[in-house]
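Note sheet for the following structure.
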Amino acid sequence: MSSSEKKMEWVIESKSSYFDLNLKELFSYYHLLFRLVRKEFLINYQQTLLGPLWVLFQPIITTVTYVFVFNKIIGVSIGGKLPPVLFYFSGIVLWNFFNDSFSATSKIFRDNIQIFSKVYFPRLIVPLALIITQFLRFLIQLVLLVIILIYFVVFKGFNVTFTWYLLTLPLVIFTLGMISLSIGLLFSIITAKYRDLSNFVDIFLRVLMFVTPVIYPLAAVKEHIRWIVQLNPLTPLFELFRLGLLGEGTVAPVQLLYSIIFMAFSLIITILLFNKQGGKLIDVI
Amino acid sequence: MAETVIEVQNISKLYKLGEIGSGSLRRDLNNWWKTTIIKKEDPYFIAEETSHTSNLDLWALKNISFEVKQGDAIGIIGSNGSGKSTLLKIISRIVQPTIGSVRGKGKISSILEVGTGFHSELTGRENIYISGYTLGMNKREILRKFDEIVAFSGIEKFLDTPIKRYSSGMYVRLAFAVVAHLEPDILIVDEVLAVGDADFQKKCLGKMRDVSQKEGRTVLFVSHFMQAINNLCNKALWLQQGHLKEIGTCSAVVNKYLASVQQFNLKQSWDNIQEAPGNDFIRFKKIELIPQMENPDDPLDIRIPLTVKFKFWNLTDNVSLSIGLHLFSYGGECIFDNQSPGGYYDKGLIEGECTIPGNFLNDGSYFISLIINKDTSIQLYYFEQCMSFDLEDYRGDIKWYGKWMGAVRPRFPFRIEQTTFSIE
């Protein structure tokens, strides 16, 4: 018996470890990852009138609405000298990336029960594919943002100075993506087990948006309640994103560090929990 | 001796029915606190282990251990709910066992449904890739097999059409084409024969025979189709309510299983004339169905002649009686109505029998009703559905597993000869 055990290549046991992340196996499924990303794009834009243009329409229409409502009707101050269109569009694009990644990953067990109950593959492939899909959508929107920026610089005389902050953008986007992945996954585990909590996801996202500098800059928040917004680990990322790209934002290095530590911490916790619970969840969904 | 490729050790699987609901978050937290932080034994788990098992707990599998050798084709049999699918899902890594472990070597592919990973909005081409990768093929395998898969499925023309426009037959063919080209070391198949037409089933089984017999791969196969199991597998594993009832040579286990599940309602007798079924004219004393086979443990199959014996009290003197035997299919359709010639009888016990020949009925479930008539047309008593039995299929060397058509399956002789040797 003991000699045959040594020769065995794999083992399925009743208990799964927290540290059971099999990167080699995960990597062996990278073709599936790309196919799933492709699938997301194909099923969203096949048989639609405007096709992939929807990726751009959604933030454009939201921006127009926000500019109209917040700027023209209510008159919310965005401070500084940024054109409102650029201010809102940049906020919306970044927020959409977070929002869509989060809500997609938080539903993976519910949406994939059919396939999860019929075939084994590393479950992490699915949230990774969703994040990559959202990232690609974000990149397309980012290109539009840059085009709008160039338009304002060339025709409207908007003055933006290039700073070294621009180089932090990849870090900002990566951190934001990973935060949405890890918290989204955490919610997916919880909502798979306790269904009613999935209602909480939407409410949570809506509330979170208002304590994130999406439709207002941090600088416009009154001093005595500013700490509430600063407690949000997304805040430094939004501020730094605008600072790097548009030249206006309020962020200190220690705040960025706070976001990164938050990301690392939540990512580790989630992956551990996912390893431990992933195999058992199929019984309870 | 072939080496062991899967070693199942003491597997049990507990499903807690109805556990997910209000208060379960609190209970889980409480549980976690006690077991992980304070290091006490799990209070709920102990309760389940003792004989006092809550009726919300279901042991889908209990203490299952067995080994699979390289090249084995094992048929897993058992009635519905006996844990067959759960066992396959554990070995396929889809669900975790509650207790025990499975060790093994080699790549496993499981086909638990046809069309895993298919998305109806995508084209046939996309779906081949997605499904292939989902089932664990790598890029090289898919590229190498792509044309073969398309040819096998016969959907060349519709390769770039979304599969939601496919007919169900095309869908199933494409789905099966993908799984048929998997090249795992161990193939796990769950009841795929339940879908598709006879043609598809034939393709399916042919492919599985190739996999196990020609290529020498290891196969675990769940089916309710005993003929297929008998033909494909060298071993069978019989599960009964989550327990491993028997594992061994295929035909032996299958026969024992069939004999155990058959609905036998073959013999009834009444000693007290007052309580016996009947009326003022007729009271039944005994009815019996006797299969004419040598070994009573064998399953009842279509080859076996069945003798219906009956004994009744006739309560009237000098009456003309005739007996009718009605045979009904499970669906309630009358297969035949066999009437005896009439004859005059006096008060007392009357006994008779009638034999349904072997190689006459098709496989299936049947009811027998007995009717006793006076003067050939006036019904004295109708003993409805007094006996029931199941007939198993038997095909001998015929390598075809589709459902045999017809209510009966007689073997009337043919006369066939070649009359000319040219075509004019």
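Every chain is numbered from 1 and lettered A, B, ... according to where its sequence line falls, protein lines coming before strand lines. Keep in mind it's a predicted model, so treat the numbers as computed, not measured.
How far OH of A:Tyr29 is from CG of B:Asn138: 10.5 Å, rounded to the nearest 0.5 Å. Interatomic distance, A:Gln277 CD to B:Gln96 CD, rounded to the nearest 0.5 Å: 9.0 Å. The distance from the NE2 atom of A:His31 to the CG atom of B:Leu143 is 8.5 Å, given to the nearest 0.5 Å. Atom OG1 of B:Thr116 sits about 7.0 Å away from atom CD1 of A:Ile115, to the nearest 0.5 Å.
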Set out, in order, the CA-CA distance, both residues' side-chain angles and the distance that settles side chain to side chain contact (heavy atoms under 4.5 Å, CB included) for B:Leu112 and A:Val119, then state yes or no.
CA-CA 7 Å; B:Leu112 303 190; A:Val119 63; over 6 Å; no

Quick one, B:Val102 with A:Trp10, criterion side chain to side chain contact (heavy atoms under 4.5 Å, CB included). Give me CA distance, side-chain angles, the key distance, then yes/no.
CA-CA 8 Å; B:Val102 184; A:Trp10 45 261; 4.0 Å; yes

Report the C-alpha distance between B:Glu126 and A:Arg38 in whole Å, list the side-chain angles of each, state the deciding distance to 0.1 Å, and finish with yes or no for side chain to side chain contact (heavy atoms under 4.5 Å, CB included).
CA-CA 9 Å; B:Glu126 279 302 320; A:Arg38 205 179 133 94; 2.3 Å; yes

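More than 12 heavy atoms of other shown residues, nucleotides or ligands fall within 6.0 angstrom of atom NZ in A:Lys276.
No option in B:Pro97, B:Ser92, B:Ser101 other than B:Pro97 meets the side-chain contact (heavy atoms from CB on, under 4.5 Å) test with A:Ile12.
Between B:Glu121 and A:Ile43, the shortest heavy-atom contact is CB-CG2, 3.8 Å. B:Leu122 approaches A:Lys39 most closely through the heavy-atom pair CD1-CG, 3.6 Å.
B:Tyr133 does not carry A:Arg35 over the face of its six-membered ring by the limits of under 6.0 Å from the centre and within 45° of the normal.
Contacts of B:Ile188 with chain A are absent, with no heavy-atom separation under 4.5 Å from either backbone or side chain. With a 4.5 angstrom heavy-atom cutoff, B:Val5 touches chain A only via backbone atoms.
With a 4.5 Å cut-off on side-chain heavy atoms, A:Ser117 and B:Lys89 count as touching.
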